[in-house]
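For reference, the structure is listed below as C-alpha cells.
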Amino acid sequence: MFSLKDSCLLKLSDLSFLELTYLLRLSCYFKKDKTIVKREKHLYDKKVVLIFEKDSTRTRCSFEVASFDYGANITYLGPFGNQIGHKESIKDSACFLSRIYDAIEYRGHKHKAIKVLAKHSIVPVLNGLTDSFHPTQLLADLLTIKEYYNYYIYSKVRLVYVGDVRNNICSSLLEASLLTGLTIYLLSLRTIWPLKSFICKCQLLSQKAGGNVLLTEDSRVGINSINFIYTDVWVSMGESKRLWKRRVFYIRNYQVNILLLLRTKNINVKFLHCLPAFHDNKTIIGKHIQNTYSFIYGMEVTNEAFYSFYSLVFGQAENRLYTIKSLLVSIVLY
Ligand code: CP
Ligand code: NVA
C-alpha cells in the first residue's frame, strides 16, 4: 500500500505509475458520482493557498471549485497585491505560508522557484504550471485518454504532439511517456527539436515502459493510424512577444487542421489542447497575431478542427476539476 499524503507534485515523474493510476481512478470516482461526493466534505476545514504569478482560468477555477465542493477554504494570491518575489523571497514566503495553510498551489515562471518553495514548505506544494512543466494538466490529459479507451494501458496509445516541441506541455507529455509507455511523436521543424541527447534519454526510458518517443518533420510520416493529435500555443506565457515572429516562421506549417486529422487515416482520431487556444480572432491577442501574420483560419489549430467532431478539448478541460480534486484529497488526507 502507498500513500500520497504530504507529497508534493512538482512534475509528473514525481509519481510512480501506481500512484498515477490511483489518482486517475479516484478522479473517475469523483467524476462519476458528482452529487454524492459533493456532499462528503473530504477537505473540511482545510486551507489551501493558490499562488498565481501568471494568468489562469482552468487551473485556478478547478482548484477553487474542488475546494468549494469538498469544504476547504482558499486564498488566491495573484501576480500583484502580495509580497512574494517583490519584497519577500520565495523561501520566506514558503516558511510563512506553510505554517498556516494545509497545501500550496503555485503557478510561476522558473521551475527553480517551485523547487525552493517545496524545499522550505512544511506542507505539500503542487505545480499549477511553470515554464518547464504542467503536471496537473497531464493528469487531466491522461484521464481523457483513459476515458476514450477505457483502460490504463497507455502503451497501446500513439499520440502526436505538434508545434512548439520544447514547451512545458510537451515536456510533461514526454514525462507521461516515460511513466506510462505512451508512444509520442513530436511533429515540428528540426530547428526547434529538443537536444538529441535529451531525446535519446527519453527514448530509452519510454521504451522500457513499453512506449517510444519519435521525431518527425513530415506530417505524412508517422501519423498514420495515430490515436490523438495534441497541440498548444506557439508562444507560452512569460515568453517575450518578440518570439512570435520567429516561432511563426518555424511552426506555421504545423497547424492542426482537418487535413492533418484526415492524414491519420483514423476516423476515430481525437484532438487535444490544454487551452486557451488561438483558433479564431475573437480575442485581443488572437486578433493581433492573425492580422500580423496573415492567418485566416486560426493559428496552432483552425476553428474548424477546434470545434469538430474530433475535438475533445472541453471534456479534457472539465477533467482538470476531477483530477485536481483527487490530487488535493490524496495529498491532504490519505
Ligand atoms: N490549461 C490551463 O492550465 O489553463 P489555464 O491557463 O486557464 O489555467
Ligand atoms: N504552454 C502554455 C500552456 C498554458 C496552459 C503556456 O505556458 O502558456
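No experiment lies behind these values; they were computed from the predicted model shown. Numbering of ligands and ligand atoms starts at 1, following listing order.
Annotation: C274 places an N or O atom under 3.5 Å from an N or O atom of ligand 1; distance criterion only. Residue R58 has at least one N or O atom closer than 3.5 Å to an N or O atom of ligand 1. Between N168 and ligand 2, at least one pair of N/O atoms sits closer than 3.5 Å. Between D232 and ligand 2, an N or O atom pair is found at a separation short of 3.5 Å. For the pair L275 and ligand 1, the shortest N or O to N or O distance falls below 3.5 Å.
Looking at Q290, its side chain never comes within 3.5 Å of a backbone N or O of K287 through a donor-acceptor pair.
Interface of L129 with ligand 2, defined as ligand atoms under 4.0 Å from a residue heavy atom, comprises 3 (C), 4 (C), 5 (C), 7 (O). In summary, the atoms of ligand 2 found under 4.0 Å from a heavy atom of N167, numbered by their order in the structure, are 1 (N). Atoms of ligand 1 lying under 4.0 Å from any heavy atom of H134, numbered from 1 in the order shown and given with element: 2 (C), 3 (O). Listed by number with element, the atoms of ligand 2 under 4.0 Å from a non-hydrogen atom of M237 are 6 (C), 7 (O), 8 (O). Atoms of ligand 2 lying under 4.0 Å from any heavy atom of L275, numbered from 1 in the order shown and given with element: 5 (C).
At least one heavy atom of R107 sits less than 4.0 Å from an atom of ligand 1.
When ring centroids are compared, F278 and H288 stay outside the 6.0 Å threshold. Between F80 and F52, a ring centre-to-centre spacing not shorter than 6.0 Å is recorded.
Around the CD1 atom of I100, the shell of radius 6.0 Å holds more than 12 heavy atoms that belong to other residues, nucleotides or ligands.
In this structure, H273 and F306 have perpendicular ring planes: the angle between them is above 60°, well past the 30° mark.
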Report task. With side chain to side chain donor-acceptor pair (under 3.5 Å) as the test, would you mind laying out the steps for Q316 and D141 before giving the verdict? Result -> CA-CA 6 Å; Q316 182 188 359; D141 301 345; 2.9 Å; yes
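To the nearest 0.5 Å, atom CD of residue E300 and atom CD1 of residue I289 are 8.5 Å apart.
Protein heavy atom closest to atom 2 (C) of ligand 1, with residue, atom name and distance, is R320 NH1, 3.3 Å.
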